[in-house]
There are 2 protein chains.
Amino acid sequence: MVRDSDATRARILDAAEAEFAAYGIAGARVDRIAENAPANKALIYKHFGSKDELFDTVFAQRVLAFVDKVDFDATDLPAYAGRGFDLYEANPTTLRLTTWYQLERPHGQLEAIKASNAAKLNAIKEAQDAGLLTSAYTPLELLTEVRALMMSWHLHTPELAMVRQPARARRREVVVESVRRLVQGDSH
Amino acid sequence: MVRDSDATRARILDAAEAEFAAYGIAGARVDRIAENAPANKALIYKHFGSKDELFDTVFAQRVLAFVDKVDFDATDLPAYAGRGFDLYEANPTTLRLTTWYQLERPHGQLEAIKASNAAKLNAIKEAQDAGLLTSAYTPLELLTEVRALMMSWHLHTPELAMVRQPARARRREVVVESVRRLVQGDSH
DNA sequence: TCCTAGTTAATAACTAGTTAGTTGCAAGCG
DNA sequence: CGCTTGCAACTAACTAGTTATTAACTAGGA
């Protein structure tokens, strides 16, 4: 095998993403990552230091790439939710990674994520000030509910995941329509 | 210490719930559960067989008790969501337990949960047939979105969880109002 | 020849699970 | 009552296997 440090790094990252998505941080096995890369176990430590640092590297790289991929439009949150839905559908491992992160890194504070959130909250505020978006909710409230609806189909317990799901197009429609109803003008 | 098998069992279950909620199945340590119960480690194996069976016992007991506590009213889903919100607020460990279950037991099929889901879906269908609930969504679609909104405030990444949250009463209001908008009559 | 990618094998620490017992309690019996 | 016998609750120490991590080594390329 030809020697290529970068390629080995990339293979390790790919294998690590799959491993961490499947088993989480505590459940992941460095041996299995090495075996699936394939790469020697010692190289993982040479390149990434430790299992935890490897997770952090994988998470930062993949999730941030993910976040960047869906562009945020505060004046059309239903469409944003639809795009987010599409991305989750195409890339379910990223959502799992995020969930593990939430559970196992409860104090994680990635600057890039904070920046992304701040930008979204700010965009919502501006859209509200311009009258292009309901002011029935604060920016944080809106972001919270939209995010929940966006991933709603992935929040099923295993039991509910087993019942026959609607086709993807319909699931998408449900998400988009739900957000539409959420943000529509006051309705009392 | 006086000998009481039932009390010991109960202490182990309490400690196990805390341990599993904090670290998940793979991350949980039997020694730590024994230490925190407090109880001897061997007793855990005598009473529950293995770490996995202990998790299953804890999960079944706690989550099913939880599910039973909030009664479902298909004709008033906003109120149901409000009650569910209250229960999640009062009992955040249960939600964590559920999330771990979803991640680490992707093939779990607890009969009691399936029955509870089936009953809910059925109640929704009947409410729809009686014209008491929107038919814009199927029962599964409605349950999916309502559940997502119900737990929306607990889906934050650590980064978003750090920003100043609204007071509990307001968070509740947001959930209830979101569900109200979701189920209100057609709005095209 | 020197530097870096990659390998091999070892190790120290940890972990789930077991074993071989000890302790307290109560029923049975004289 | 006093004694003992059976039994379940409980315990401490251990084992067999796994895991993350590292040190010592080999080889390829400039």
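As the structure is a prediction and not an experimental result, all values here were calculated from the model. The chains referred to below are lettered A, B, ... by the order of the sequence lines, with proteins before strands, and numbering in each begins at 1.
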- request: Indicate whether any N or O donor in one side chain lies under 3.5 Å from an N or O acceptor in the other, for Asp6(B) and Thr8(B).
  value: no
message: So that I know where these two stand, are Phe66(B) and Tyr88(B) an aromatic pair - ring centroids less than 6.0 Å apart?
response: yes
- prompt: With under 30° as parallel and over 60° as perpendicular, where do the rings of Tyr80(A) and Phe72(A) fit, or are they tilted in between?
  reply: perpendicular
task: May I ask you to evaluate whether Thr8(A) reaches the phosphate of dA5(C), defined as a side-chain N or O under 4.0 Å from OP1 or OP2?
output: no
query: Taking only N and O in the side chain of Ser5(B), is any of them less than 4.0 Å away from OP1 or OP2 of dA8(D)?
result: no
task: Compare the minimum distances between each of dA23(D), dA12(D), dA5(C) and the side chain of Ala42(A), then state the nucleotide with the smallest one.
output: dA23(D)
Please report, rounded to the nearest Å, how far the [atom2] atom of [N] is from the [atom1] atom of [X].
X        : N       : atom1 : atom2 : answer
Asn40(A) : dT21(D) : CG    : C1'   : 12 Å
Glu35(B) : dC10(D) : CD    : P     : 18 Å
Asp4(B)  : dA8(D)  : CG    : C1'   : 12 Å

task: Can you sort out the partners of Asp56(A) under side-chain hydrogen bond (donor to acceptor under 3.5 Å, both in side chains), two or more places apart, ordered by chain and number?
output: Arg105(A)
- request: Just jot down the side-chain hydrogen bond (donor to acceptor under 3.5 Å, both in side chains) partners of Asp129(A), sequence neighbours excluded, or say none.
  value: Lys125(A)
- prompt: With ILVMFWY side chains joined below 4.5 Å, transitively, what does Leu103(A)'s cluster contain besides itself?
  reply: Trp100(A), Trp100(B), Leu103(B)
Between the protein and nucleotides 12-16 of chain C, are there any N/O to N/O pairs under 3.5 Å, and if so, what are the atom names and distances?
unit_1, atom_1, unit_2, atom_2, d
dT15(C), OP1, Arg29(B), NE, 2.9
dT15(C), O5', Arg29(B), NE, 3.4
dA16(C), OP1, Ala28(B), O, 3.1
dA16(C), OP1, Arg29(B), NH1, 3.3
dA16(C), OP1, Lys51(B), NZ, 3.2
dA16(C), OP2, Val30(B), N, 3.4
dA16(C), N7, Lys41(B), NZ, 3.4

- prompt: Among Arg96(B), Lys51(B), Arg32(B), whose salt bridge (Lys or Arg N to Asp or Glu O under 4.0 Å) with Glu19(B) holds?
  reply: Arg32(B)
task: Return the residues of residues 54-63 of chain B meeting this criterion: a heavy atom under 4.0 Å from some atom of DNA chain C. Order them by number, or give none.
output: none
In a table with atom names and distances, give each donor-acceptor pair under 3.5 Å that connects a side chain of residues 139-153 of chain B to protein atoms at least two apart or in another chain.
unit_1, atom_1, unit_2, atom_2, d
Glu141(B), OE1, Arg170(A), NE, 3.3
Glu141(B), OE1, Arg170(A), NH2, 2.6
Glu141(B), OE1, Thr138(B), N, 2.9
Glu141(B), OE2, Arg170(A), NE, 2.8
Thr144(B), OG1, His156(A), NE2, 3.3
Thr144(B), OG1, Leu140(B), O, 2.7
Glu145(B), OE1, Ser152(A), OG, 3.2
Glu145(B), OE2, Ser152(A), OG, 3.0
Arg147(B), NH2, Leu155(A), O, 3.2
Ser152(B), OG, Glu145(A), OE1, 3.2
Ser152(B), OG, Glu145(A), OE2, 2.9
Ser152(B), OG, Leu149(B), O, 2.7
Trp153(B), NE1, Arg171(B), O, 3.4

